[in-house]
Colleague: 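I'd like to ask some things about the structure below.
Values reported hereafter were calculated over all heavy atoms of this structure, with side chains retained and with hydrogens, waters and symmetry mates removed. It should be emphasised that the depicted structure is a prediction, and the values quoted were computed from it without experimental measurement.
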Amino acid sequence: MLSFENDYSEGAQEKILQRLLETNLESLSAYGMDSHSENARKKIREVCACPEAEIFFLNGGTQTNAAVIGTMLNDYEGVVSAKTGHINAHEAGAIEYAGHKVLEIPQHEGKIMAEELKDYLSEFWADVNHEHMVFPGMVYISHPTEYGTLYTKEELRKISEICRSYDIPLYMDGARLGYGLMSRETDVTLPLIAEYCDAFYIGGTKVGALCGEALVFTGKKVPRHFFTQIKQRGALLAKGRLFGIQFETLFTDNLYFDISRHAIDMAEYLKEGFRKKGYTFFLESPTNQQFIILENDEMTRLQEKVKFSFWERYDANHTVVRFATSWATRKEDIDQLMELLS
């Protein structure tokens, strides 16, 4: 069966597996204190042009989001997010489970708008009853968003300025960050993200690694005793070498960027095929997630031979579905998909 269900169905990029095998019998310190993890941190600081960055490796995106938000917020604070933000829609209430409310603001193809964020924050502080309310303590965005869309440099700058004017951190979920950075339509870079965000993570799980995310704090924003709080939340791996070796490999010889670019190339090839077949796109995504409107009967027929994701109901007879490419997508798989389309 063909699979375009997500970007983490396969195991790991071959160079990572080879490097794990080569280092398998090395006796290394635990909990990310090994030489490979430290070398990975050095490489990430360099590629982010942020020598003061403090970097931690966690086992997954949900754990990373929960750890960052749970430690950067005070007990009485919540996190501002787009209504469609991953922490609000697809993390099983992990943030609320830890005691912090997700504060919704409108979304525009997955993104928040600086003007609406400013209005939300100013209205909160103008409310004479705000001491009885959940304080907006930080802002969460993802890049790419849940809809594969991207923030521009100017949009990030404006959001960052608003956050800093209210003295609250800006945090970026980068589960698919590689695919955003390698989009043909972006003007955002890792150094730019490091400049505008107080914390962000570089996704590994969805970009070639077996598992793991590299969390980057900029500007000395690390919560106190963060290492201890990672462990307290069950997100600290004893064999931290697993993350260190993977990210060391990903950031050697541009591997992270090369495999991300491959996913974008495959997404563009996929888009071209759908367009030639006359299909309608739900929105224009410049990254590896493509959203197609399918007639329900065709969707059922196609599901017999192809895996893809339900996204949302479009109308009584049509459904929005997602086709995702990845570092592992093959051109011949897309060709076979096109042969199956009506």
Side-chain angles (χ1 to χ4, degrees), residues 4-8 61 65 79-91 102 104-117 120 139-160 162-163 170-190 192-193 196-197 200-203 206-207 257 260-272 274-275 279-294 308-314 319-327 329:
F4 297 90
E5 187 174 16
N6 55 50
D7 39 22
Y8 47 97
N65 288 336
V79 54
V80 180
S81 165
K83 181 178 181 179
T84 53
H86 196 67
I87 59 170
N88 192 45
H90 290 126
E91 285 193 335
V102 178
E104 287 185 8
I105 62 174
Q107 62 89 22
H108 303 270
E109 295 188 343
K111 298 193 290 185
I112 63 172
M113 297 291 104
E115 295 78 9
E116 291 176 343
L117 172 63
Y120 180 87
V139 173
Y140 165 96
I141 58 175
S142 63
H143 185 81
T145 69
E146 292 295 278
Y147 287 96
T149 52
L150 297 172
Y151 288 93
T152 66
K153 175 181 178 179
E154 183 64 12
E155 288 170 335
L156 282 181
R157 183 189 66 79
K158 288 180 179 179
I159 292 171
S160 178
I162 291 167
C163 289
L170 174 60
Y171 168 56
M172 177 184 286
D173 180 329
R176 296 184 169 93
L177 187 55
Y179 305 135
L181 294 170
M182 290 297 100
S183 170
R184 299 175 185 179
E185 301 179 23
T186 189
D187 60 355
V188 171
T189 63
L190 270 175
L192 186 79
I193 292 169
Y196 289 151
C197 296
F200 65 95
Y201 77 87
I202 301 170
K206 296 175 180 176
V207 192
F257 303 104
S260 296
R261 185 181 295 108
H262 171 79
I264 296 301
D265 290 343
M266 292 298 97
E268 293 298 324
Y269 187 63
L270 181 78
K271 287 163 70 173
E272 181 184 2
F274 273 115
R275 285 201 176 97
Y279 283 82
T280 302
F281 289 77
F282 180 60
L283 50 74
E284 286 295 323
S285 164
T287 58
N288 71 312
Q289 300 179 84
Q290 298 301 317
F291 299 87
I292 311 296
I293 300 173
L294 289 183
F308 49 87
S309 298
F310 166 86
W311 208 250
E312 60 187 72
R313 185 173 178 268
Y314 186 73
T319 300
V320 179
V321 300
R322 184 189 71 176
F323 288 80
T325 60
S326 78
W327 59 274
T329 301

Colleague: Report the relative orientation of the aromatic rings in His90 and Trp311; use parallel for angles under 30°, tilted for 30 to 60°, perpendicular for over 60°.
Modeller: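 His90 and Trp311: tilted rings.
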Colleague: Quick check against the 3.5 Å criterion: does Tyr179 have a side-chain atom that pairs as donor or acceptor with the backbone of Gln289?
Modeller: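 Not a single qualifying donor-acceptor pair exists.
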Colleague: Which heavy-atom pair separates Leu150 from Gly180 by the least distance, and what is that distance?
Modeller: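 Reported closest heavy-atom pair: CD2-CA, 3.6 Å.
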Colleague: Within the side chain of Glu154, is there an N or O that forms a donor-acceptor pair under 3.5 Å with the backbone of Tyr151?
Modeller: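 Side chain of Glu154 to backbone of Tyr151, a donor-acceptor pair under 3.5 Å: no, none is there.
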Colleague: Give a yes or no answer on whether the side chain of Arg322 reaches the backbone of Phe310 with a donor-acceptor pair at less than 3.5 Å.
Modeller: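 No.
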Colleague: Are Arg275 and Glu272 ion-paired here, with the side-chain N under 4.0 Å from a carboxylate O?
Modeller: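 No.
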Colleague: What closest approach, in Å, do Thr325 and Asp7 show between heavy atoms, and which atom pair accounts for it?
Modeller: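 So the minimum-distance heavy-atom pair works out to O-CB, 3.7 Å.
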Colleague: Checking the side chain of Thr319 only, and the main-chain atoms of Leu294 only, is there a donor and an acceptor separated by less than 3.5 Å?
Modeller: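 Side chain of Thr319 to backbone of Leu294: no pair is present.
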Colleague: Give a yes or no on whether Phe257 atom CZ has more than 12 heavy-atom contacts from other residues, nucleotides or ligands under 6.0 Å away.
Modeller: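 Yes - once you tally the heavy atoms of other residues, nucleotides and ligands closer than 6.0 Å, there are more than 12.
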Colleague: NZ of Lys206 to OG of Ser260: how many Å apart, nearest 0.5 Å?
Modeller: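 The distance works out to 13.5 Å.
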Colleague: Out of Val139, Leu192, Leu170, which one pairs with Ser160 under the side-chain contact (heavy atoms from CB on, under 4.5 Å) rule?
Modeller: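 Among the candidates, only Leu170 passes.
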Colleague: Of all heavy-atom pairs between Lys153 and Asp187, which one has the smallest distance, and what is that distance?
Modeller: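 Reported closest heavy-atom pair: N-OD1, 2.9 Å.
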Colleague: On a heavy-atom basis, which atom in Arg176 and which in Val207 lie closest, and how many Å separate them?
Modeller: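 Closest heavy-atom pair between Arg176 and Val207: CA-CG2, 4.3 Å.
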Colleague: Could you tell me which non-hydrogen atom of Ile193 sits nearest to which non-hydrogen atom of Leu177, and how far apart they are?
Modeller: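 Minimum heavy-atom separation between Ile193 and Leu177: CD1-CD1, 3.7 Å.
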Colleague: Has the side chain of Thr149 got a donor or acceptor atom that lies under 3.5 Å from a matching backbone atom of Gly110?
Modeller: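 Flag not set: sc Thr149 to bb Gly110 has no pair under 3.5 Å.
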Colleague: Taking atom OG1 of Thr280 and atom CD1 of Ile292, what is their separation to the nearest 0.5 Å?
Modeller: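 Thr280 OG1 to Ile292 CD1: 8.5 Å, rounded to 0.5 Å.
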Colleague: Any chance you could measure Glu185, atom CD, to Glu284, atom CD, to the nearest 0.5 Å?
Modeller: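 Atom-to-atom, Glu185:CD and Glu284:CD are 8.0 Å apart.
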Colleague: Please check this pair: side chain of His262 against backbone of Thr329, looking for a donor-acceptor N/O pair closer than 3.5 Å.
Modeller: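 The answer is yes, because a donor-acceptor pair under 3.5 Å joins these two groups.
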Colleague: Give, for atom CD1 of Ile87 and atom CD1 of Ile141, the distance between the pair rounded to the nearest 0.5 Å.
Modeller: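 These two atoms lie 11.5 Å from each other.
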Colleague: Taking Ser81 for its side chain and Val102 for its backbone only, find out whether a donor-acceptor pair lies under 3.5 Å.
Modeller: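 Here the side-chain-to-backbone pair does not exist.
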Colleague: When you measure from the side chain of Gln107 to the backbone of Gly85, do you find a donor-acceptor pair of N or O atoms at a distance under 3.5 Å?
Modeller: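 Not at all, since once roles are kept as given, no pair shorter than 3.5 Å links the two residues.
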Colleague: Does Thr287 reach the main-chain N or O of Gly148 with its side chain, forming a donor-acceptor pair under 3.5 Å?
Modeller: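 Yes; at least one donor-acceptor contact below 3.5 Å.
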Colleague: Hey, are the side chains of Thr145 and Thr84 touching, using non-hydrogen atoms and a 4.5 Å cut-off?
Modeller: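 Heavy-atom side-chain distance check fails, nothing below 4.5 Å.
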Colleague: Let me confirm one number: the CG-CG distance from Asp173 to Asn65, rounded to the nearest 0.5 Å.
Modeller: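 One finds 4.5 Å between CG of Asp173 and CG of Asn65.
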Colleague: For the residue pair Ile202 and Phe200, what are the closest heavy atoms and their distance?
Modeller: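 The answer is CG1-CE1, 3.9 Å.
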Colleague: Could you go through the side chain to side chain contact (heavy atoms under 4.5 Å, CB included) check for Arg261 and Leu181 one step at a time?
Modeller: CA-CA 9 Å; Arg261 185 181 295 108; Leu181 294 170; over 6 Å; no
Colleague: In this structure, which one of Tyr279, Phe308, Phe4, Tyr269 forms a ring-ring contact (aromatic ring centres under 6.0 Å, His included) with Phe274?
Modeller: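 With Phe274 as partner, Tyr279, Phe308, Phe4, Tyr269 yield a single ring-ring contact (aromatic ring centres under 6.0 Å, His included), made by Tyr279.
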Colleague: Is Met172 close to Leu156 at the side-chain level, that is, under 4.5 Å between some pair of heavy atoms?
Modeller: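 Yes, side chains in contact.
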Colleague: Is Glu268 salt-bridged to Lys271, going by a charged N under 4.0 Å from an acidic O?
Modeller: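 A salt bridge links Glu268 with Lys271.
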Colleague: Out of the candidates Phe282, Tyr147, Phe281, only one should pair with Phe291 under the ring-ring contact (aromatic ring centres under 6.0 Å, His included) rule; please name it.
Modeller: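 It is Tyr147, the one option of Phe282, Tyr147, Phe281 that forms the ring-ring contact (aromatic ring centres under 6.0 Å, His included) with Phe291.
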Colleague: Output yes when a side-chain donor or acceptor of Asn88 lies under 3.5 Å from a complementary backbone atom of Lys83, and no otherwise.
Modeller: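 Yes, the answer is positive, given that a donor and an acceptor are paired below the 3.5 Å cut-off.
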